[in-house]
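Here's the structure, in structure tokens; my notes come after.
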2 protein chains.
Amino acid sequence: MKILKKLYLARSARKMKYQILLVDDHQILLEGTKAIIDGASDLFEVKDTAHTPERAQELLKNNDYDILITDYEMPNMKGLELIKIAKTVLPEIKTIVLSMHDEPSVIRELLKIGADGFILKKDTHQSIIDALDKVTRGKKFLSEDVSEILIHGIDDDKNKDLTPREVEITKLIAKEYSTKQIADILFISERTVETHRKNILKKTGTNNVVGLVRYAYKNNLV
Amino acid sequence: MKILKKLYLARSARKMKYQILLVDDHQILLEGTKAIIDGASDLFEVKDTAHTPERAQELLKNNDYDILITDYEMPNMKGLELIKIAKTVLPEIKTIVLSMHDEPSVIRELLKIGADGFILKKDTHQSIIDALDKVTRGKKFLSEDVSEILIHGIDDDKNKDLTPREVEITKLIAKEYSTKQIADILFISERTVETHRKNILKKTGTNNVVGLVRYAYKNNLV
DNA sequence: TAATCCATACCCGATGTTGGGTATCTTTTT
DNA sequence: AAAAAGATACCCAACATCGGGTATGGATTA
């Protein structure tokens, strides 16, 4: 809190812009968002952009940023992990997630690991500016739509979280591996895989693989 | 061809900008892309934007545009249908599709119905400008990545198209209906559904429902 | 320490899926 | 008019999945 205020004051005293690192695997969205930010406010500036999480990681290590804005769905690494890395390298950095998906579970997970803002790609550009404004003041920002989802998605909590092992198996199922193949890959018995499978079906509230694959898609396990 | 050249000359003679209608259900991408186009060239101008296909349809009927740039994946209506509508209302309009997905079948389908350009969201903003440039000269534009995909996806043609009935059944399977339920819904025998099922698996090159559901997701049947 | 959770593994039986066919009738294409 | 494609429907056998259990050892939490 204290650090933040100091940072904020320092910036404004020196009339410096907040330096932003923008990450998205879609080049066009990257450039579009940069155009929005650079054009809409003279308080913020996109210092660098990265279109892979790896490149972002590299930039984070060798530069100083005030804010990280990142896509959530990216190849190899989820926005989630990138945020964790960013918070480690630059503990004071503020993070905003830009996502297509509006699954309550994902949003909750992000907030839990300390993301400061969450915006959907279908929100307006004003949301981005509002979010930047809020997070630099040390507050959390959720776009209207996101709040809406959180409120109406509460009972969704009964969807108990899958255990790590169950997530692993769900992913393999969704990759078209058979029970036998999964057993071979994980060096466990087919019976065990079947047990996991049954538990997963129960937890996800479906009664066949199709439902499971749909669950995997909705929760970005694919 | 003739008409196009006339249009092109007329525009430049009058020093008028090409009028663009931009359609995308993600507000941020809409505004970002608009910023890119308006900022990068004084030959083109985003006259209107729409975040639903319905709104786009309305605009198309009451206004004149030279170019339509549309997302492919949208609720209710696919970019495909919007292009058909646009070409009906304004036969001379040029159409460019902006898509996340890089399925050869989708690209081929779009080119078949007369789309003039195809860009992936992971391409650079220069691709958009290049595309605008080309299509106003009456040429087709495929971004490098897209051409790449088309070339390496040729043998994908063995993925013979599913028949209407097969598509119908695929959708039902992907909606978690069992063979028995599908038989009831379509008033046909379970045996028939099984036959369709087998043919679909063969055509899509998979050997279980999981692969089928993945196919459904990739081809926007879900 | 006791209770809970997680991962492991087995049993059983019912039901569903997959892969191999063949066959008829209608519609569309050549 | 002949050929091809599409939708219908059946047979059979092998295999996988699903739903109901129970059980055990290890780790974590209360």
OP1, OP2 of C:dT8 versus side-chain N and O of A:His196: anything below 4.0 Å? yes
Is the phosphate of C:dT17, meaning OP1 or OP2, less than 4.0 Å from a side-chain N or O of B:Arg197? yes
Please determine, for the side chain of A:Ser189, which listed nucleotide (C:dC10, C:dA7, C:dT18) has the closest atom? C:dC10
Taking CG from A:Leu201 and C1' from C:dG16, how many angstroms apart are they, rounded to a whole number? 14 Å
Contact class for A:Thr195 (heavy atom, under 4.0 Å): base, sugar-phosphate, or nothing? base
Of the candidate nucleotides C:dG19, D:dG21, C:dA9, which contains the atom at the shortest distance from the side chain of B:Lys198? C:dG19
Regarding A:Thr192, tell me which of base, sugar-phosphate or nothing describes its non-hydrogen contacts under 4.0 Å with the strands shown. base
Considering residues, nucleotides and ligands other than B:Tyr177, do more than 12 of their heavy atoms fall under 6.0 Å from its OH? no
Supply the atom-to-atom distance A:Thr124 OG1 to A:Ile119 CD1, rounded to the nearest 0.5 angstrom. 9.0 Å
Specify the separation, in whole Å, of atom CG of B:Asn208 and atom C1' of C:dG16. 13 Å
Do the side chain of B:Lys202 and the base of C:dG19 come within less than 3.5 angstrom through a donor-acceptor pair of N or O atoms? no
Here the distance between atom P of C:dG16 and atom CD of B:Gln181, to the nearest Å, is 9 Å
Of the candidates C:dC6, D:dG19, D:dT17, the side chain of A:Thr179 sits closest to D:dT17
Heavy-atom nearest nucleotide on DNA chain D for B:Glu190 versus A:Glu190: which residue maps closer to 5'? B:Glu190
Please determine, for the side chain of A:Arg165, which listed nucleotide (D:dC10, C:dA7, D:dC18) has the closest atom? C:dA7
Judged by each residue's nearest nucleotide on DNA chain D, which is more toward the 5′ side, B:Leu186 or A:Ser178? B:Leu186
In A:Thr192, A:Ile173, A:Ile188, the residue satisfying side chain to side chain contact (heavy atoms under 4.5 Å, CB included) with A:Ile182 is A:Ile173
Between A:Asp116 and A:Ile96 (side chain of the first, backbone of the second, donor and acceptor by atom type, cut-off under 3.5 Å), is there such a pair? no
Rounded distance (Å) that lies between atom P of C:dT17 and atom NZ of A:Lys180: 22 Å
Tell me the interatomic distance from A:Glu194, atom CD, to D:dA16, atom C1', rounded to whole angstroms. 8 Å
Side-chain atoms of A:Ile188 come closest, of D:dA7, C:dT18, C:dA9, to C:dA9
Nucleotide C:dA7, atom C1' - distance to CZ of A:Phe187 in whole Å: 17 Å
Any side-chain heavy atom of A:Asp66 within less than 4.5 Å of one from A:Lys94? no
To the nearest Å, how far apart are A:Arg191 CZ and D:dT22 C1'? 15 Å
Given atom CG of A:Asn199 and atom C1' of D:dT17, what is their separation to the nearest angstrom? 15 Å
